[in-house]
Novice: 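I'd like to ask you about the structure that follows.
Just follow the structure's listing: the first ligand is 1, and inside any ligand the first atom is 1. The basis for the numbers below is simple: all heavy atoms, side chains too, and nothing from hydrogens, waters or symmetry mates.
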Amino acid sequence: MRCPYCESDLTRVIDTSHDTRGSVRRRRECQDCRQRFTTYERAVLSTPLVIKQDGAREEFDREKLLSGIRIACAKRPVSAAHIDRMVGEIESRLQAMGKSEVSSRVVGDMVIAGLKELDLIAYIRYAIVYLGLDDLRAIRDEINRILEA
Ligand SMILES: [Zn+2]
């Protein structure tokens with residue numbers, strides 16, 4: 001653990017305690033500048049790797065997901081906070097699945113479902129790219145489905 005005051009690597013644990021939620025709190029002292037500071041250790045759920053359509057695996061990329069959704073939401077009445085929350089929820093749900101890998105489809109489906117609730121225009125924009133709605137008829141069918149629902 002690096003000292004937050006002088007960035008020295010020489011720090012010493014002088015006290016360790018546990019809190020009720022299972023976190024570990026350590027009181028440390030820097031051997032160089034003698035400043036004391038506290039660190040907390042807690043378990044963090046890991047996000048599964050995403051299996052892309054071509055079979056390649058990649059780390060879940062929160063920024064990439066955010067930017068794709070932001071583009072779909074451009075000039076729509078959807079706040080950055082809404083988009084952030086949606087991506088946060090997607091990430092939590094992926095972690096809660098407890099898997100080491102998930103298909104990119106699973107992630108895409110969650111975005112689709114989230115956008116459908118948030119803003120239908122943004123949903124259509126995202127769906128055109130994600131579902132590969134590459135002809136006007138398929139797009140019209142999807143819009144009709146929404147309008148009828
Ligand atoms: Zn120090």
Side-chain angles (χ1 to χ4, degrees), residues 1-134 138-139 142-143 146 149:
M1 177 59 60
R2 192 166 285 181
C3 169
Y5 298 97
C6 72
E7 303 206 329
S8 164
D9 282 325
L10 296 171
T11 63
R12 189 170 67 92
V13 176
I14 51 179
D15 182 51
T16 300
S17 58
H18 298 259
D19 77 8
T20 50
R21 285 179 303 173
S23 298
V24 179
R25 178 180 177 276
R26 292 188 212 279
R27 197 79 191 121
R28 293 172 189 262
E29 187 186 74
C30 176
Q31 302 301 89
D32 280 323
C33 71
R34 298 287 157 186
Q35 288 277 9
R36 290 185 172 189
F37 59 98
T38 303
T39 57
Y40 293 92
E41 221 175 83
R42 64 187 176 91
V44 176
L45 289 169
S46 62
T47 309
L49 287 177
V50 177
I51 309 166
K52 296 195 294 179
Q53 311 248 300
D54 64 5
R57 268 75 169 162
E58 63 180 18
E59 296 279 345
F60 174 79
D61 188 341
R62 194 191 160 88
E63 280 309 310
K64 193 167 136 190
L65 200 59
L66 274 172
S67 75
I69 296 170
R70 281 194 199 114
I71 290 168
C73 292
K75 305 210 168 142
R76 297 298 306 162
V78 179
S79 71
H82 274 121
I83 298 173
D84 272 357
R85 194 179 320 141
M86 184 176 131
V87 170
E89 276 165 16
I90 289 171
E91 201 169 2
S92 305
R93 282 172 62 196
L94 290 172
Q95 290 169 346
M97 291 168 81
K99 293 183 172 177
S100 57
E101 300 180 334
V102 291
S103 157
S104 60
R105 264 227 81 110
V106 171
V107 183
D109 286 349
M110 288 180 184
V111 176
I112 287 281
L115 282 177
K116 216 167 185 170
E117 281 178 26
L118 222 49
D119 185 90
L120 288 173
I121 299 291
Y123 159 74
I124 282 291
R125 287 175 179 161
Y126 198 86
I128 287 171
V129 178
Y130 169 69
L131 299 176
L133 302 182
D134 53 1
I139 295 166
E142 188 56 34
I143 291 172
I146 293 172

Novice: Quick one: give me the number of protein N/O/S atoms under 2.8 Å from the Zn ion (ligand 1).
Specialist: 4
Novice: Is it true that, when you exclude E59 itself, more than 12 heavy atoms of the residues, nucleotides or ligands shown sit nearer than 6.0 Å to its CD?
Specialist: no
Novice: Taking the side chain as every heavy atom from C-beta outward, state whether R62 and I90 have any pair of such atoms under 4.5 Å apart.
Specialist: no
Novice: With a cut-off of 6.0 Å (strictly less than), are more than 12 heavy atoms of other residues, nucleotides or ligands near CZ of R34?
Specialist: yes
Novice: Please check: side-chain N/O of Y130 versus main-chain N/O of R105, any donor-acceptor pairing under 3.5 Å?
Specialist: yes
Novice: Testing M86, R125, R76, M110 for side chain to side chain contact (heavy atoms under 4.5 Å, CB included) with L115, which one passes?
Specialist: M86
Novice: For the residue pair E58 and K64, establish whether any side-chain heavy-atom pair is separated by less than 4.5 Å.
Specialist: yes
